[in-house]
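Shown next, in structure tokens, is the structure this report addresses.
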Amino acid sequence: IGGTKAGMMGGGGGGAGGGGRSGNINMQFGGGGSVGQTLQTMQGFTAFASAVAAAGVNLDSGGPYTVFAPTDQAVNEFTMAGGQLTPDIISYHILPAKVSSTAFSYSDLTTLQGSALKYERKFRKDFVDDANPGDPADVMCSNGVVHGCNQVLKPSGAGGGGMMMGGRAAMPGMQPG
């Protein structure tokens, strides 16, 4: 079946061929390993991957997980506006279940942070909170799935500064502080 949103996009500008074949999604975006390994190898998502590692979150074991990974551009815009990728905000991007893009509308989107993401379908696009997930979508991993998104997701009350809200204990692999 193969027509995911990620499979239809090109190779990030400048690469030769192959960008429109959905069979290359995992190779193009680093999928196939664990969620943690995949985040580390996905081009254009290094800022979020670094923040996940710095927060002590281990997505290499356990799971399943669904991660809504903001692009480097989204992270840069967020930090330039005074935001910080706190452990609370990072855990708000992670679901303790494997949810494909076709299941957003009927799945439990409660995050490891404890709050639920809000799904909406408008303008013929999917939205999770105010972000548009799916560039790439459905990067399958051995212990979950990664979806790119165009914004940093913020739990209510976090604002641009990334206020801590107490979701640290639920984060996988974190050491109590």
Side-chain angles (χ1 to χ4, degrees), residues 4-6 8-9 25 29 31 35-36 38-39 42-57 59 63-141 143-174:
T4 67
K5 296 169 203 162
M8 292 187 234
M9 65 176 279
I25 293 171
F29 293 105
V35 169
T38 299
L39 283 174
M42 286 176 67
Q43 292 181 348
F45 295 87
T46 56
F48 185 72
S50 295
V52 168
V57 178
L59 297 173
Y65 303 112
T66 297
V67 176
F68 293 95
T71 63
D72 288 344
Q73 179 179 347
V75 170
N76 186 45
E77 289 171 3
F78 178 71
T79 57
M80 295 295 284
Q84 295 178 345
L85 287 177
T86 63
D88 192 54
I89 287 180
I90 290 167
S91 66
Y92 190 67
H93 288 79
I94 305 168
L95 307 179
K98 186 175 183 177
V99 180
S100 71
S101 61
T102 58
F104 292 160
S105 65
Y106 58 85
S107 295
D108 179 3
L109 300 180
T110 301
T111 68
L112 291 179
Q113 183 266 351
S115 300
L117 299 171
K118 178 183 168 192
Y119 170 82
E120 284 186 282
R121 177 91 178 152
K122 57 186 177 183
F123 314 115
R124 298 192 308 174
K125 293 182 181 181
D126 293 318
F127 287 86
V128 173
D129 285 359
D130 292 324
N132 184 236
D135 193 7
D138 299 318
V139 178
M140 296 299 166
C141 307
N143 63 339
V145 62
V146 176
H147 306 287
C149 64
N150 65 346
Q151 290 185 26
V152 172
L153 305 173
K154 298 172 288 293
S156 79
M163 184 174 89
M164 291 296 293
M165 294 179 61
R168 288 186 72 161
M171 292 185 61
M174 279 197 71

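Count residues from 1 along the sequence.
- The environment of CG in Asp130 is sparse: at most 12 heavy-atom neighbours from other residues, nucleotides or ligands sit within 6.0 Å.
- Partner of Val152 under the side-chain contact (heavy atoms from CB on, under 4.5 Å) criterion, out of Leu85, Asn76, Ile90: Leu85 alone.
- Residues Val67 and Thr38 are not in side-chain contact: their nearest non-hydrogen atoms beyond the backbone lie 4.5 Å or more apart.
- Between the His93 side chain and the Leu153 main chain, a donor and an acceptor come within less than 3.5 Å of each other.
- Residues passing the side chain to side chain contact (heavy atoms under 4.5 Å, CB included) test with Asn150, sequence neighbours excluded: Ala131, Asn132.
- Residues Gln151 and Glu77 form no side-chain contact, since every pair of their non-hydrogen atoms from C-beta on lies 4.5 Å or further apart.
- Taking all atoms of both residues into account, the shortest heavy-atom contact from Cys149 to Pro133 is CB-CA, 3.9 Å.
- Between the OG1 atom in Thr102 and the CG atom in Asp138 there is a gap of 6.5 Å [rounded to 0.5 Å].
- Considering only residues two or more places apart in sequence or on other chains, Thr71 meets the side chain to side chain contact (heavy atoms under 4.5 Å, CB included) condition with Phe45, Gln73, Ala74.
- Using a 3.5 Å distance cut-off with no hydrogens or angles, the side chains of Gln113 and Ser115 do pair a donor with an acceptor.
- With sequence neighbours excluded, the residues forming a side chain to side chain contact (heavy atoms under 4.5 Å, CB included) with Thr110 are Asp108, Ala116, listed by chain and number.
- Annotation: side chain to side chain contact (heavy atoms under 4.5 Å, CB included) contacts of Ala103 (sequence neighbours excluded): Val99, Ser100, Tyr106, Ser107.
- No donor-acceptor distance shorter than 3.5 angstrom exists from the side chain of Asn143 to the backbone of Tyr65, with no hydrogens or angles considered.
- Nearest heavy-atom pair, Tyr92 versus Thr111, reported as atom, atom and distance to 0.1 Å: O-CG2, 3.2 Å.
- Side-chain N or O atoms of Thr66 include one that pairs as donor or acceptor with a backbone N or O of Ala97 at under 3.5 Å.
- The two atoms that bring Lys154 and Phe78 nearest to each other are CD-CE1, 3.5 Å, heavy atoms only.
- Remark: His147 pairs with Phe68, Phe104 by the ring-ring contact (aromatic ring centres under 6.0 Å, His included) rule, at least two apart or across chains.
- With sequence neighbours excluded, the residues forming a salt bridge (Lys or Arg N to Asp or Glu O under 4.0 Å) with Lys118 are Glu120, listed by chain and number.
- Residues Val75 and Asp72 fail the side-chain proximity criterion, which asks for heavy atoms closer than 4.5 Å.
- For the pair Asp126 (side chain) and Tyr119 (backbone), a donor-acceptor distance under 3.5 Å is absent.
- Looking at Ser91 and Val57, their side chains never come closer than 4.5 Å, going by heavy atoms from C-beta outward.
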